[in-house]
Amino acid sequence: LCFAQKDVFQLKDIEKIAPKEKGITSMSVKEILQSLVDDGMVDTDRIGTSNYFWAFPSKALHARKRKLEELQAQFAEGTQKKEALQKNIEKSKIGREDTPERAALIEELAALRQKKEQLKAEIDKYRECDPDVVEEMRQTNKVAKEAANRWTDNIFAIKSWAKRKFGFEENRIDKSFGIPEDFDYID
């Protein structure tokens with residue numbers, strides 16, 4: 001409609017013209033128009049209290065030209081990448097011709113990789129005896145013990161505060177918060 005008449009319209013004008021010329025029900029004109037605006041096929045602007053709609057063929061032509069140029073640039077870039085990869089493949093093939101010597105080396109490499117995996121599995125079996133791992137476990141345990149004692153300090157401080165502030169008995173606090181009777185620091 002906007003293309004054909006090359007004019008600017010208000011919504012009420014389009015709602016009158018569209019059913020007659022294009023066979024669109026007047027109830028769906030606003031929805032279709034909004035869809036066209038969202039897709040960038042129709043432009044809109046608010047001037048004063050009115051909304052105006054327009055779509056000129058030159059804008060669509062320019063948009064298609066831009067899209068075509070963009071796609072051509074992407075195609076050229078893709079072609080260049082393909083050629084570069086093809087050259088890399090050709091370079092990589094040099095010195096990798098199938099020869100009996102190469103086949104023997106590939107077989108030896110596979111055997112060595114398998115041996116490496118077996119040795120790695122065996123090392124993992126004895127990992128807990130590794131002095132570095134044992135020392136790391138000791139350090140981790142030390143940090144965990146310090147953290148547990150720090151939280152024990154926090155719990156005792158809160159219990160002390162609750163006794164002073166609210167006058168609660170210690171066994172009532174322990175029972176309310178599920179603190180065991182033998183709760184103490186870790187040695």
Side-chain angles (χ1 to χ4, degrees), residues 31-32 34-43 59-60 62-187:
E31 183 180 312
I32 292 170
Q34 186 59 47
S35 174
L36 291 170
V37 168
D38 291 343
D39 292 342
M41 296 175 72
V42 173
D43 293 315
K59 179 184 177 194
H62 288 298
R64 285 193 296 270
K65 280 184 181 178
R66 271 195 313 274
K67 185 66 174 174
L68 179 62
E69 289 169 0
E70 183 182 307
L71 291 172
Q72 286 172 338
Q74 287 177 356
F75 179 74
E77 184 180 324
T79 304
Q80 287 177 345
K81 282 183 182 180
K82 179 186 172 196
E83 290 173 4
L85 290 172
Q86 202 68 35
K87 287 178 184 176
N88 284 342
I89 289 171
E90 294 303 320
K91 283 180 186 177
S92 297
K93 284 183 179 179
I94 297 172
R96 294 185 179 193
E97 295 82 19
D98 286 336
T99 62
E101 182 182 335
R102 179 172 163 76
L105 288 173
I106 289 173
E107 195 174 303
E108 183 181 346
L109 178 63
L112 288 173
R113 284 184 175 158
Q114 185 178 7
K115 177 86 170 167
K116 178 185 170 190
E117 291 301 318
Q118 289 173 350
L119 291 173
K120 215 180 220 185
E122 193 170 329
I123 287 173
D124 286 343
K125 257 197 298 189
Y126 301 111
R127 184 164 165 73
E128 69 260 1
C129 297
D130 183 4
D132 292 337
V133 172
V134 170
E135 184 58 33
E136 185 180 328
M137 289 170 74
R138 283 186 181 138
Q139 291 300 322
T140 303
N141 288 343
K142 181 179 176 186
V143 169
K145 181 179 173 184
E146 289 171 357
N149 284 334
R150 187 171 43 252
W151 280 103
T152 303
D153 272 345
N154 293 342
I155 291 170
F156 283 141
I158 289 172
K159 283 173 55 174
S160 173
W161 175 80
K163 279 194 268 181
R164 278 193 324 269
K165 182 80 174 175
F166 302 110
F168 291 139
E169 297 174 15
E170 189 168 336
N171 60 356
R172 184 173 169 205
I173 295 171
D174 289 347
K175 187 175 180 183
S176 296
F177 292 102
I179 300 172
E181 290 180 21
D182 60 345
F183 181 76
D184 205 354
Y185 294 97
I186 298 173
D187 290 328

Exercise for the section: Inspect the surroundings of CZ in F75 and state if more than 12 heavy atoms from other residues, nucleotides or ligands are less than 6.0 Å away. Expected result: no
Practice task
Working to the nearest 0.5 Å, report the span between CZ of R102 and CG of L109.
Solution key: 10.0 Å
Exercise for the section: From the options E169, R172, E170, select the one residue that forms a side-chain contact (heavy atoms from CB on, under 4.5 Å) with K163. Expected result: E170
Exercise for the section: Would you mind reporting whether F183 and D174 have side-chain heavy atoms less than 4.5 Å apart? Expected result: no
Practice task
Please indicate whether E117 has more than 12 foreign heavy atoms, meaning atoms of other residues, nucleotides or ligands, lying under 6.0 Å from its CD.
Solution key: yes
Exercise for the section: Answer yes or no: is there a donor N or O on one side and an acceptor on the other, between the side chain of T140 and the main chain of E136, under 3.5 Å? Expected result: yes
Practice task
Could you check if a side-chain atom of L68 sits within less than 4.5 angstrom of a side-chain atom of Q72, using non-hydrogen atoms only?
Solution key: yes
Fill in the blank from the handout: So CD1 of I158 and CG of D153: to nearest 0.5 Å the spacing works out to 11.0 Å
Handout entry: Spatial distance of atom CD (E107) from atom CG (L112) [nearest 0.5 Å]
Key = 11.0 Å
Handout entry: F177 atom CZ: more than 12 heavy-atom contacts under 6.0 Å
Key = no
Handout entry: Side-chain H-bond candidate by donor/acceptor type, Q118 with E122, under 3.5 Å
Key = no
Problem - Verdict with supporting geometry, K81 and E77, salt bridge (charged side-chain N to carboxylate O under 4.0 Å, His left out) - result: CA-CA 6 Å; K81 282 183 182 180; E77 184 180 324; 3.7 Å; yes
Handout entry: Residues, nucleotides or ligands: over 12 heavy atoms within 6.0 Å of E70 CD
Key = yes
Practice task
State whether the number of non-hydrogen atoms from other residues, nucleotides or ligands found under 6.0 Å of E181 atom CD is greater than 12.
Solution key: no
Problem - Check: S160/R164 side-chain N/O donor and acceptor closer than 3.5 Å - result: yes
Exercise for the section: Enter the distance from R113:CZ to K116:NZ here, rounded to the nearest 0.5 Å. Expected result: 8.0 Å
Problem - Close side-chain approach of Q34 to E31, heavy-atom, < 4.5 Å - result: no
Handout entry: Nearest atoms (heavy-atom pairs only) where I186 meets N149
Key = N-OD1, 2.8 Å
Exercise for the section: Starting at CG of L105, measure out to OG1 of T99 and round the result to the nearest 0.5 Å. Expected result: 8.0 Å
